[in-house]
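The structure appears right after this line, and notes come after that.
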Amino acid sequence: MGIDLFAGTAYATRVMSGRPPKVLIFDSGVGGLSVLREVRRALPAAGLVYVADDAGFPYGALTETALVERVTGLMTRLVAFHSPDAVVIACNTASTLVLPGLRAALPVPVIGTVPAIKPAAERTTSGLVSVLATPGTVARDYTRALIEAHARGAEVTLVGSSRLAGLAEARLRGQPIDNSAVEREIAPCFVRRDGQRTDVVVLACTHYPFLTDLFERLAPWRVAWIDPAAAIARRVHTVLYGEEAFERYDDEGDEAPVAPALPGRAEFTSGRPPEPALVAALARHGLLCAAD
Ligand code: DGL
């Protein structure tokens, strides 16, 4: 899975007029940029607004009640202000909790990001799958229900890390990070059982794709790291344009002629100016800071 399915085809007509759609992408920090870059590839002409709730980071440490109240309040204000055609909650920690309430509260389709357990269970040959996420995501009933529904034949190890999202933030902000800390955090993902070894690890936090090169280097053996970002971007395309249009996009892929993308906007709820390294990272993702 990895995307939370939403029957949003009713909204497709809203953007059929040729006007480029506006998509608001939200995360607790800069991890959601891993989803934004795939949305940009799938919808090159879309106007993108990226909002990082850095004042609330890390979401992995918030109680469920605090998280629901915070995200619902923020998203209600952000949607009223930006009037997007669709919203992407590019955060597993929030999506595994807030989606039903957000969909009831917001007048636009909401696409979530939830642990990609189904593709992982389909891919494993050893039957040993690990899910690397925040402590919040691994504790959710939603995550357990996904395992129950899609991974019954596999043994799933849930690994909650309270450090990795912060390390990914630091890296994107140009700060040095401690490889031994990364190694310690991923170590519980690697399980041996009855002569078999874990062969698939789900990246169930949008920050982690920014550490994948280190994960690969520090892993005790090779595994497939599953990042659902491209599937989420395809879902955004389908919600905005419908299934048929998506098949065309899928066939033509990068070859399809597209209008040049305008830079998107990045906003930080703390109001703190981002470090120069982060400004550069945002620019590489086609984003200008709201204060620019
Ligand atoms: N990027 C968020 C996720 O996908 C989590 C980071 C945090 O703890 O705030 O779960």
Side-chain angles (χ1 to χ4, degrees), residues 1-4 24-39 50-72 74-75 87-99 102 110-117 120 130-144 146 158-173 177 181-182 185-186 189 201-212 215 225-233 235-236 266-270 272 278 281-282 285:
M1 179 113 111
I3 50 172
D4 181 87
L24 194 159
I25 300 171
F26 177 85
D27 182 29
S28 58
V30 288
L33 293 174
S34 64
V35 175
L36 176 136
R37 67 187 167 197
E38 292 299 331
V39 173
Y50 184 81
V51 180
D53 182 17
D54 60 334
F57 181 86
Y59 277 4
L62 296 187
T63 65
E64 297 198 348
T65 314
L67 186 52
V68 169
E69 279 174 13
R70 183 169 186 95
V71 174
T72 310
L74 266 171
M75 290 312 299
V87 163
V88 181
I89 304 300
C91 176
N92 294 260
T93 313
S95 295
T96 47
L97 203 58
V98 303
L99 291 178
L102 273 189
V110 178
I111 295 112
T113 308
V114 299
I117 286 164
S130 292
V131 176
L132 184 59
T134 65
T137 299
V138 301
R140 300 269 188 266
D141 291 345
Y142 192 106
T143 303
R144 287 167 201 276
L146 283 178
L158 293 169
V159 179
S161 167
S162 46
R163 294 205 59 194
L164 287 174
L167 291 168
E169 287 278 326
R171 197 180 203 200
L172 276 162
R173 290 166 196 272
I177 63 168
V182 174
E185 296 298 298
I186 65 169
C189 292
V201 179
V202 178
L203 299 172
C205 169
T206 52
H207 280 73
Y208 300 171
F210 292 108
L211 298 171
T212 312
F215 292 169
W225 303 92
I226 308 272
D227 174 6
I232 294 157
R235 184 66 196 154
V236 177
E267 297 176 13
F268 292 83
T269 55
S270 69
R272 280 193 298 272
L278 182 53
L282 293 168
H285 287 81

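Atoms within each ligand, like the ligands themselves, are counted from 1 in listed order. Basis for what follows: all heavy atoms, side chains included, without hydrogens, waters or symmetry-related copies.
- Residues Thr134 and Thr93 have side chains that bring a donor and an acceptor to within less than 3.5 angstrom of each other.
- Looking at Ser270 and Asp54, their side chains do bring a donor and an acceptor atom within 3.5 Å of each other.
- For His207 and Phe57, the ring centers are positioned less than 6.0 Å apart.
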For ligand 1, run through the N/O pairs with the protein that fall under 3.5 Å and put one pair on each line.
from: ligand 1; atom 1: 1 (N); to: Asp27; atom 2: OD1; distance (Å): 3.1
from: ligand 1; atom 1: 1 (N); to: Asp27; atom 2: OD2; distance (Å): 3.3
from: ligand 1; atom 1: 1 (N); to: Thr206; atom 2: OG1; distance (Å): 2.9
from: ligand 1; atom 1: 1 (N); to: His207; atom 2: ND1; distance (Å): 2.8
from: ligand 1; atom 1: 4 (O); to: Asn92; atom 2: N; distance (Å): 2.9
from: ligand 1; atom 1: 4 (O); to: Asn92; atom 2: ND2; distance (Å): 3.2
from: ligand 1; atom 1: 4 (O); to: Thr206; atom 2: N; distance (Å): 2.9
from: ligand 1; atom 1: 4 (O); to: Thr206; atom 2: OG1; distance (Å): 3.3
from: ligand 1; atom 1: 8 (O); to: Tyr59; atom 2: N; distance (Å): 3.3
from: ligand 1; atom 1: 8 (O); to: Gly60; atom 2: N; distance (Å): 2.9
from: ligand 1; atom 1: 9 (O); to: Ser28; atom 2: OG; distance (Å): 2.6
from: ligand 1; atom 1: 9 (O); to: Tyr59; atom 2: N; distance (Å): 2.6
from: ligand 1; atom 1: 10 (O); to: Asn92; atom 2: N; distance (Å): 3.3
from: ligand 1; atom 1: 10 (O); to: Thr93; atom 2: N; distance (Å): 3.0
from: ligand 1; atom 1: 10 (O); to: Thr93; atom 2: OG1; distance (Å): 2.5

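- Ser95 places a side-chain N or O within donor-acceptor distance of the main-chain N or O of Thr113, the cut-off being under 3.5 Å.
- A donor-acceptor pair is defined here as one N or O able to donate and one able to accept, closer than 3.5 Å; such a pair exists between the side chain of Glu169 and the backbone of Val30.
- Side chain of Arg163 to main chain of Val182: no donor-acceptor pair is present (N/O by atom type, distance under 3.5 Å, no hydrogens or angles).
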